[in-house]
Amino acid sequence: MKIADLGDIRLHYKDEGPKSGPVVVFANSLGTDLRLWDSVLPHLPKGLRLIRYDKRGHGLSDCPAAPYSMGTLVRDVESLLDYLAVKDCVFVGLSIGGMIAQGLAVKRLDLMRAMVLSNTGAKIGTREMWQDRIEAVKAGGIEALSDSILERWFAPAFRETPEFTAWRNMLIRQPKEGYIGCSAAIAGTDFITPTSGLRLPTLAIAGSEDGSTPPDLVAETAALIPGSRFEIIRRAGHLPCVEQPEAYAALLTTFLSKIGHI
Ligand SMILES: O=C(O)CC1=CCC(=O)O1
């Protein structure tokens with residue numbers, strides 16, 4: 001098991017593939033850990049160095065008291081990449097992970113060659129919406145909200161599969177403090193202006209049935225960055241890397257090839 005002690009936080013991460021390979025970094029969503037990428041990675045070309053991590057309050061990483069800020073979540077991954085001496089990576093971020101990608105690109109473009117904004121926005125929902133969610137989690141726990149969250153995460157067909165139960169378990173076992181901490185970070189984030197100033201190769205991916213960050217929101221975010229590509233994965237909700245891993249890996253592979261990363 002790999003733990004990076006970054007001073008104020010210990011983050012759990014995986015670093016797979018040859019150390020000399022082109023680097024792809026993955027950042028997961030609210031209420032999920034680095035297993036989010038398990039089904040996609042085997043479909044990517046061999047020879048890549050694949051780094052993924054549990055953001056604070058999630059998975060096996062430390063879970064400090066809430067609230068967290070987006071600046072802190074960006075600093076965590078910046079410190080992790082410096083710790084691993086990574087530069088020139090392609091950064092794939094899903095949902096809050098996509099917000100972290102935007103924040104890191106604004107702050108440390110030297111670390112990033114290109115980014116993939118998956119099922120995300122420069123701004124997701126409203127401050128009030130997130131405050132209501134935080135209050136509901138404080139009052140009743142994540143399980144009380146899990147049915148509505150899972151309806152946004154997955155298209156109807158996937159909700160009938162045995163795998164669905166495992167993702168439900170991941171969500172309801174998520175530490176409340178980490179969930180509230182990261183929800184507060186999303187509530188306080190509006191990257192519309194900073195993201196509009198970004199100039200780097202960008203692929204945006206949406207899920208046709210995504211109830212959290214619908215295709216229109218992802219397309220609007222992509223449109224902020226000149227030259228970005230926008231793709232929709234059909235029969236998928238908020239987590240297309242889980243529901244349609246081969247299609248997801250195919251989009252990533254085409255993008256990596258187009259930008260000369262492989
Ligand atoms: O739980 C949701 O609604 C989905 C989500 C929003 C931000 C994030 O990271 O996940």
Side-chain angles (χ1 to χ4, degrees), residues 26-37 52-59 61 66-70 72-74 76-77 91-104 115-138 140-155 158-159 164 167-191 195 204-218 220-221 233 236-243:
F26 295 86
N28 36 280
S29 60
L30 179 66
T32 67
D33 63 33
L34 53 68
R35 288 174 287 182
L36 184 66
W37 308 102
R52 46 190 168 141
Y53 73 104
D54 290 332
K55 65 188 161 298
R56 63 173 60 209
H58 286 67
S61 291
Y68 315 150
S69 71
M70 189 55 65
T72 299
L73 298 178
V74 169
D76 287 348
V77 73
F91 196 102
V92 182
L94 192 147
S95 204
I96 187 175
M99 293 181 132
I100 293 170
Q102 293 166 67
L104 186 67
M115 66 179 176
V116 178
L117 300 180
S118 180
N119 305 79
T120 192
K123 181 176 184 329
I124 300 178
T126 61
R127 192 180 277 278
E128 296 67 36
M129 186 205 103
W130 286 104
Q131 201 49 49
D132 289 349
R133 199 183 300 192
I134 289 167
E135 297 308 327
V137 170
K138 279 185 184 164
I142 295 177
E143 189 159 7
L145 299 183
S146 62
D147 285 348
S148 59
I149 294 172
L150 290 161
E151 269 177 32
R152 296 191 292 265
W153 278 15
F154 297 116
F158 188 85
R159 300 205 293 268
F164 171 76
W167 290 99
R168 181 176 190 281
N169 287 341
M170 185 187 286
L171 175 65
I172 65 179
R173 291 172 191 168
Q174 157 66 38
K176 214 165 137 172
E177 196 71 16
Y179 193 92
I180 290 170
C182 286
S183 296
I186 299 169
T189 300
D190 179 346
F191 276 150
T195 295
I205 299 177
S208 59
E209 324 285 318
D210 187 343
S212 297
T213 52
D216 281 357
L217 173 67
V218 183
E220 274 168 27
T221 304
I233 297 183
H238 190 55
L239 307 179
C241 49
V242 171
E243 281 180 281

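We count ligands from 1, going down the list as the structure has it; atoms in each ligand are counted the same way. Values below: all heavy atoms of this structure, side chains included; hydrogens, waters and symmetry mates excluded.
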For T72, all residues meeting side-chain contact (heavy atoms from CB on, under 4.5 Å), sequence neighbours excluded: R56, S69, R75, D76
Donor-acceptor pair, side chain of Q102 and main chain of G121, under 3.5 angstrom: yes
Every residue of the protein that comes under 4.0 Å of ligand 1, judged on heavy atoms: S29, L30, S95, I96, W130, R133, I149, R152, W153, Y179, I186, S212, H238
Short N-O contact, E143 and R168, less than 4.0 angstrom: yes
Side-chain donor or acceptor of Q174 paired with backbone N/O of M170 under 3.5 Å: no
Parallel, tilted or perpendicular, as decided by the 30° and 60° cut-offs, for the rings of F158 and F164: perpendicular
S118 (side chain) donor-acceptor with L94 (main chain) under 3.5 angstrom: no
